[in-house]
Every structure is written in C-alpha cells, then in structure tokens.
Protein chains: 2
Amino acid sequence: MYDAKAKVLKALAHPTRLWMTEQLANGERCVCEFVDAVDADFSTISKHLAVLKQVGIVEDDKRGKQVFYKLKVPCILNFMSCVEGVIESQVNAQAALLKK
Amino acid sequence: MYDAKAKVLKALAHPTRLWMTEQLANGERCVCEFVDAVDADFSTISKHLAVLKQVGIVEDDKRGKQVFYKLKVPCILNFMSCVEGVIESQVNAQAALLKK
DNA sequence: TTATCATTTGGTTATTGTGCCAAATACTCA
DNA sequence: TGAGTATTTGGCACAATAACCAAATGATAA
C-alpha cells in the first residue's frame with residue numbers, strides 16, 4: 001500500500017510534472033501547449049505526461065492530430081496549499097537562523 | 001517555486017518515508033522505534049528521517065541518548081485520502097480492462 | 001576516563017530517473 | 001497514396017537515489 005501511494009507521489013514530485021498538473025486544473029490542454037510553454041523537447045513532455053497517466057492522475061483523449069490531457073483527480077491540488085505552508089515555514093526558519 | 005514544491009513531494013515519495021510520516025501523525029517516535037519496525041539498517045532509517053527533516057516535514061529533538069522525531073506539518077496527511085482515491089480508481093480501471 | 005548505547009556520516013555499488021536525439025506511429029488533408 | 005503535423009517510443013549518456021557497511025560523533029553511566 002505504501003508502495004502504491006509512494007508511486008503516485010513520485011509521479012507528482014517533479015517540477016515540470018507538478019506544473020503541468022496544476023495547469024490541467026484549469027482545464028484540458030494539448031501536448032503542444034505544454035511544449036510551447038516549457039522549454040523542452042516534445043519527447044520529454046510526452047514522457048512526463050505518460051508518467052502522470054500511468055499512475056492515474058491524468059487521462060488522455062486523442063482528437064484529430066492532437067492529444068488532450070486532463071486531470072482525473074482534482075483533489076490532488078488541495079494538497080498544494082499544505083506543501084506551500086511547509087515551504088514557507090522552512091523559509092522563515094532559515095531567515096531566523098541568518099539573523100542570529 | 002515548483003522546484004521547492006517538488007522537493008517536498010519527493011521527500012514523501014518513498015514507501016518507508018511515507019510510512020514513517022504517517023506513524024508520526026500519532027505522536028513522536030524515536031529513531032530506534034522505526035528501526036525495530038522496519039527491517040533496515042540504522043543508517044538507512046536515519047538518512048530517510050534526514051530527508052524529511054531537510055524539507056521541513058519533521059523536526060528532531062535530542063533527549064538523552066535518543067533522538068525523537070515529530071511531524072511538523074500534520075496537514076500533509078489530509079492529502080493521503082486523495083492519493084488513496086487515485087489508487088482505487090486505477091485498480092478499478094485495471095479490473096475493468098481485464099474483464100473485457 | 002573508558003565503555004557503551006543511539007544515531008549520524010562517509011563511502012561504495014546497484015538501481016532508477018532525466019533529457020535529448022532519432023526513428024516510429026497516428027492522423028489529416030491534398 | 002503521399003506529404004505534413006502531432007505525439008510516442010527506443011536508446012543512450014549522465015545525474016540522482018537507495019541501501020549497506022564501517023567509522024565517527026554525542027551522551028550517559030560506571
């Protein structure tokens with residue numbers, strides 16, 4: 001069970017994948033839109049999306065020449081405010097250390 | 001920003017670290033308790049806890065010979081029900097595929 | 001101070017993840 | 001069918017991670 005959960009978290013634990021996941025919260029996007037936005041190879045983006053798909057975070061939908069991805073589990077994002085909280089408290093702790 | 005968030009997620013994205021984090025939700029634990037429970041070397045456990053500490057998920061408290069760790073950000077766990085949902089829907093999808 | 005216990009750190013090796021390129025596939029339109 | 005566009009796949013080089021062992025550190029008790 002912990003293995004399965006860790007896999008899902010691992011899928012999210014990459015800056016590009018995390019960013020794409022948050023983008024998908026605003027609605028579906030085609031692969032090409034990501035490629036334009038991120039400065040990376042088509043294949044790199046495609047592989048990242050495949051990772052998200054494999055664990056069930058997103059799903060794809062081929063329409064014409066393009067493939068559209070959409071977020072399957074919006075609750076994923078509820079978590080982010082907590083993660084942001086972790087980061088903020090870390091930043092504050094570091095700042096406090098520097099002041100000493 | 002996405003880098004920072006990804007780091008926090010990456011810290012959680014390991015079965016042992018995830019398990020330890022959930023254990024810490026029930027109160028602080030000393031390193032030795034984890035070593036007894038997980039079948040792994042002291043050093044392995046210690047390093048995992050260091051990863052969690054480094055990103056600010058847990059904090060440590062040395063008391064006498066022992067070091068106690070505790071969860072700094074309980075909200076981390078709110079997320080897990082969502083992750084479990086992801087897994088469940090994956091399992092169902094796979095089952096549906098097999099039936100065909 | 002020395003012995004001992006609890007934990008961390010350093011080093012090594014095996015495994016996994018990342019990103020690019022090139023080639024393959026899938027679809028559409030002429 | 002053939003050309004062109006969108007995406008995926010395979011392969012490779014390189015970086016990062018994980019787990020173990022051995023050695024170092026820190027605290028306590030004898």
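All chains are named by letter (A, B, ...) in the order of the sequence lines, taking the proteins before the strands, and each is independently numbered beginning at 1. Since this is a predicted model, take the numbers as computed values, not measurements.
One finds no side-chain N or O of A:Tyr69 lying less than 4.0 angstrom from the OP1 or OP2 phosphate oxygen of D:dA6.
One distance of note links NZ of A:Lys72 with CG of A:Leu24; it measures 13.5 Å at 0.5 Å rounding.
Remark: the backbone N or O of B:Ala40 is not paired with any side-chain donor or acceptor of B:Thr44 at under 3.5 angstrom. For the pair B:Ser46 (side chain) and B:Phe42 (backbone), a donor-acceptor distance under 3.5 Å is absent. Here the side chain of A:Gln23 pairs no donor or acceptor atom with the backbone of A:Leu18 at under 3.5 angstrom.
Sorted by residue number, the members of residues 52-68 of chain B with any non-hydrogen atom under 4.0 Å from DNA chain D read B:Lys62, B:Gly64. Residues of residues 22-34 of chain A that place a heavy atom closer than 4.0 Å to DNA chain D, in numerical order, are A:Cys30, A:Val31, A:Cys32. DNA chain C is contacted by no residue of residues 1-9 of chain B, taking any non-hydrogen atom closer than 4.0 Å.
Remark: B:Glu33 engages no residue in a salt bridge (charged side-chain N to carboxylate O under 4.0 Å, His left out) (not counting sequence neighbours). For A:Val55, the side-chain contact (heavy atoms from CB on, under 4.5 Å) partners at least two apart in sequence or on another chain are A:Val8, A:Ala11, A:Ile57.
The 12-atom threshold is exceeded at CG of A:Asn26, counting heavy atoms of other residues, nucleotides or ligands nearer than 6.0 Å. Crowding of A:Asp36 atom CG: a count of heavy atoms from other residues, nucleotides or ligands under 6.0 Å exceeding 12. Few gaps surround NZ on B:Lys5; more than 12 heavy atoms of other groups in view lie less than 6.0 Å from it. Around atom CD of B:Glu84, more than 12 heavy atoms belonging to other residues, nucleotides or ligands sit under 6.0 Å away.
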Go along nucleotides 14-24 of chain D 5' to 3' and tag each nucleotide: B for a protein heavy atom under 4.0 Å from its base, S when only backbone or sugar atoms are that close, - otherwise. ---SSSBBB--
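A salt bridge links B:Glu28 with B:Arg63: the distance from a Lys NZ or Arg NE/NH1/NH2 to an Asp or Glu carboxylate oxygen falls below 4.0 Å. Looking at A:Asp61 and A:Lys70, no side-chain N of the basic residue comes within less than 4.0 Å of a carboxylate O on the acidic one, giving no salt bridge.
By the criterion of side-chain heavy atoms lying less than 4.5 angstrom apart, applied directly or through intervening Ile, Leu, Val, Met, Phe, Trp or Tyr residues, B:Val67 is grouped together with B:Val38 in one hydrophobic cluster.
C:dA6 atom P lies 16 Å from atom CG of B:Leu49, rounded to whole Å.
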